[in-house]
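See below for the structure under consideration.
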Number of protein chains: 2
Amino acid sequence: MKVISWNVNGIRSVFKKGFMRWLNTQDADVICLQETRAQRDQIRSELARIADKGWFVHLVAAEKKGYSGVAMLSRKDPDSIWTSLDSDELDREGRLQVARFGDLTIANGYFPNGSGKNRDHSRIPYKFRFYEALFDKLEPQRASGERVLVVGDYNTAPTEIDLARPKSNRKTSGFTHAECDHLNAILNKGWTDVFRAQHPNETGHYSWWSNRPGVREKNVGWRIDLTLASSGLLPDVQSGFILPNVMGSDHCPIGVTIDAS
Amino acid sequence: MKVISWNVNGIRSVFKKGFMRWLNTQDADVICLQETRAQRDQIRSELARIADKGWFVHLVAAEKKGYSGVAMLSRKDPDSIWTSLDSDELDREGRLQVARFGDLTIANGYFPNGSGKNRDHSRIPYKFRFYEALFDKLEPQRASGERVLVVGDYNTAPTEIDLARPKSNRKTSGFTHAECDHLNAILNKGWTDVFRAQHPNETGHYSWWSNRPGVREKNVGWRIDLTLASSGLLPDVQSGFILPNVMGSDHCPIGVTIDAS
DNA sequence: CTTTTCATG
DNA sequence: CATGCAAAG
């Protein structure tokens, strides 16, 4: 079973750049998209084209137009989906959907960017509240050994080898000590960053690049899109992968293959 | 002597579409531009390229970025220029410059659009105040027989033959009875719409087309860019013209040739 | 630099 | 539909 995650930075944008062509070559079972930046009424035709190819599509949109949003495409319709963290504040931005496929739970999260208005760090507290609310909510399932996968754009690079310029980015949101500590605390509670577990020391593997000219060509990137596997799922994980050559967004797709249950 | 007027809908936009190429083929003495939508610091290089070709350039910008603004290009530097209607309200939007070249006065006006926020008519009163302030200010010169030309985007079509769809636009700002009456009252005071005076009954001559697809191809337009000549200038007017094939804006250039004094 | 919205035309 | 801006990333 293959699960892909991709921050598309505007689903309408990637549609213009051949999203359907890419989608039609994928043998994934579930595709989680982040930063879709569209409400349902704005992408009726796009959703229809996806559905026409046999995908079930579940969309979650932010209240604010053109902002945030996630979508899950799956070959089978999930048995159930929930999207609320029981917080008006955290639920307003369309950042989460958690689907159940048999005994496998897949969470698709677009974790908040910590940068605020003046490029300050004012949104880091919100980001932390989002991390905590989601992983607290999943903790019972993880602790009881259930198979849970949490994919998405975490907006945090876990360690120095997960970005090309760690030294110069210690004050950049996404690699502050506070954010790294927060993410690593989650990992230490029993979640495994699948790609890193399989490539413990490899550098140069990123999932996001600034779209300033030349940056992606020089591979000056960050690995902030992750698949975290619960302790119970870990034995079934086959491989974590990154698809850095897929263009269309400032992020590339990442993913994981797991044994079917 | 040739004077051209053109609402360029963004001087930066027409620059990308070959404005300099067009300019270099013009034998005009004065070119009046409206809706330049730029402050001086935003178009330093564009202004330099114009000056390099031997034009004197005078710019008036709105306080609000990206909004309104006029510019006058001339082969000779004007003897004097004034830009204020002695009204904070009317002066804030960079809609006017009045230049003197010997005994000829040329006013370049970007008369306000009457449409307000909700596509209502809330800006019509402002538009009327602008018309009145300018023509009141020019009245002594006109009355004393001076040579005065007032060119620009009047945002009003004078009569039914000045737009392709008069019937369906009686409630559209730019062709309401109030606006037409206001403009015609000015004409009756001793200003001549040069193009119409020379082509009294000709239809199909327009200077603006909605940029919705096909509209310009079908010539469904409005003649809202005018050159008005004072009573004293009228005997020296040779011809009024429209250049509907010049592309780059939703307006085309218009103009007039007059005897040198 | 990019996507999307908004105000304005 | 198009320009230029702003917010956000």
Side-chain angles (χ1 to χ4, degrees), chain A residues 7-17 34-39 42-43 61-69 93 95 110-123 126-127 153 155 172-174 208-217 220 222 224-225 247-251, chain B residues 7-17 34-39 42-43 61-69 93 95 110-120 122-123 126-127 153-155 172-174 208-217 220 222 224-225 247-251:
Chain A
N7 176 321
V8 291
N9 190 21
I11 193 168
R12 284 169 288 188
S13 172
V14 291
F15 252 79
K16 290 187 208 133
K17 296 169 185 163
Q34 303 90 38
E35 222 179 341
T36 40
R37 304 180 72 165
Q39 293 165 348
Q42 299 176 301
I43 52 171
E63 291 174 4
K64 191 197 294 194
K65 278 186 162 188
Y67 181 67
S68 191
E93 300 186 352
R95 296 183 174 277
Y110 174 39
F111 297 87
N113 189 306
S115 296
K117 281 208 159 61
N118 313 354
R119 294 173 182 194
D120 58 14
H121 290 175
S122 59
R123 286 269 289 182
Y126 180 80
K127 179 179 185 174
D153 176 0
N155 262 313
T172 308
S173 174
W208 174 82
W209 303 264
S210 160
N211 44 27
R212 293 228 270 293
V215 168
R216 188 158 179 176
E217 290 65 26
V220 179
W222 297 48
I224 57 180
D225 297 273
M247 307 304 284
S249 166
D250 50 348
H251 296 248
Chain B
N7 177 320
V8 291
N9 191 20
I11 193 167
R12 285 169 287 189
S13 172
V14 290
F15 252 79
K16 290 188 209 131
K17 298 170 184 162
Q34 302 91 39
E35 222 178 344
T36 41
R37 303 180 71 164
Q39 293 164 348
Q42 299 176 300
I43 51 171
E63 290 173 6
K64 191 197 294 192
K65 279 186 165 187
Y67 180 67
S68 191
E93 301 186 352
R95 295 183 175 276
Y110 174 38
F111 297 86
N113 189 306
S115 297
K117 280 208 159 60
N118 311 356
R119 295 173 181 193
D120 58 16
S122 60
R123 286 270 289 183
Y126 180 81
K127 178 179 185 174
D153 176 359
Y154 282 74
N155 262 312
T172 309
S173 175
W208 174 82
W209 303 262
S210 159
N211 43 27
R212 294 231 267 296
V215 168
R216 188 158 179 178
E217 291 64 26
V220 179
W222 297 49
I224 57 180
D225 298 273
M247 308 303 285
S249 165
D250 49 348
H251 296 247

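So that the names make sense, note that chain A is the first sequence line, chain B the second, and so on, each numbered from 1.
Between B:K16 atom NZ and D:dA2 atom C1' the separation is 11 Å, expressed in whole Å. Across the protein-nucleic acid pair, B:R123 atom CZ and C:dA7 atom P stand 15 Å apart, rounded to whole Å. For the pair A:D153 CG and D:dA8 P, the interatomic distance rounds to 17 Å; values are reported in whole Å. Atom NE2 in A:H121 sits about 14 Å away from atom C1' in D:dG9, given to the nearest Å. What separates CG of B:D250 from P of C:dT8 is a distance of 17 Å, to the nearest Å. Atom-to-atom, NE2 of A:H251 to C1' of C:dT3 comes out at 12 Å; the value is rounded to the nearest Å. In this entry the distance linking CH2 of B:W208 with C1' of D:dA2 reads 11 Å, nearest Å. At whole-Å resolution of the value, CG in A:D225 and C1' in D:dG9 are 13 Å apart.
Among the heavy atoms of the strands lying under 4.0 Å from B:R212 are primed sugar atoms or P, OP1, OP2 only; no base atom is included. Within the nucleic acid shown, A:S249 has no heavy atom closer than 4.0 Å to any nucleic acid atom. Within the 4.0 angstrom heavy-atom criterion, only backbone atoms of the sugar-phosphate kind lie near B:Q42; the bases stay farther away.
For A:N9, the side-chain atoms get nearest to C:dT3 when compared with the rest of C:dG9, C:dT3, D:dA8. Taking the side chain of A:R12 as heavy atoms from C-beta on, and the options D:dG9, C:dT4, D:dC5, the nearest nucleotide is C:dT4. Across C:dG9, D:dT3, D:dG4, the shortest atom-to-atom separation from the side chain of B:K17 is found for D:dT3. In this structure, of D:dA2, D:dG9, D:dT3, it is D:dA2 that holds the atom nearest to the side chain of B:N211. Ranking D:dG9, C:dG9, C:dC1 by closeness to the B:E35 side chain, first place goes to C:dG9.
OP1 or OP2 of D:dT3 has at least one side-chain nitrogen or oxygen of B:S13 nearer than 4.0 Å. Phosphate contact (OP1/OP2 of C:dA7, side-chain N/O of B:Y67, threshold under 4.0 Å): absent. Remark: B:K127 is not in phosphate contact with C:dG9, judged by side-chain N or O atoms under 4.0 Å from OP1 or OP2. Distances shorter than 4.0 Å separate none of the side-chain N or O atoms of A:K64 from OP1 or OP2 on D:dA7.
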Using side chain to side chain contact (heavy atoms under 4.5 Å, CB included), reason through B:N9 and B:V14 one step at a time and then give a plain yes or no.
CA-CA 8 Å; B:N9 191 20; B:V14 290; over 6 Å; no
For a side chain to side chain contact (heavy atoms under 4.5 Å, CB included) check, start with the C-alpha distance between B:N7 and B:S249, then their side-chain angles and the critical distance, and finish with the verdict.
CA-CA 7 Å; B:N7 177 320; B:S249 165; 4.3 Å; yes
Test log, rule side chain to side chain contact (heavy atoms under 4.5 Å, CB included), inputs B:R216 and B:M247
CA-CA 10 Å; B:R216 188 158 179 178; B:M247 308 303 285; 3.5 Å; yes
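Looking at which nucleotide of DNA chain C each of A:G66 and A:S210 is closest to, the 5′-most match is held by A:S210.
Classification of the B:W208-B:W222 ring pair by plane angle, with boundaries at 30° and 60°, yields perpendicular.
The base of C:dT3 lies close enough to the side chain of A:R37 for a donor and an acceptor atom to sit less than 3.5 Å apart.
Two residues are said to be in side-chain contact when any heavy atoms from C-beta on lie closer than 4.5 Å; B:Y154 and B:I224 fail this criterion.
Considering A:R123, A:R37, A:K64 in turn, A:R123 is the only one that fulfils the salt bridge (charged side-chain N to carboxylate O under 4.0 Å, His left out) rule with A:E93.
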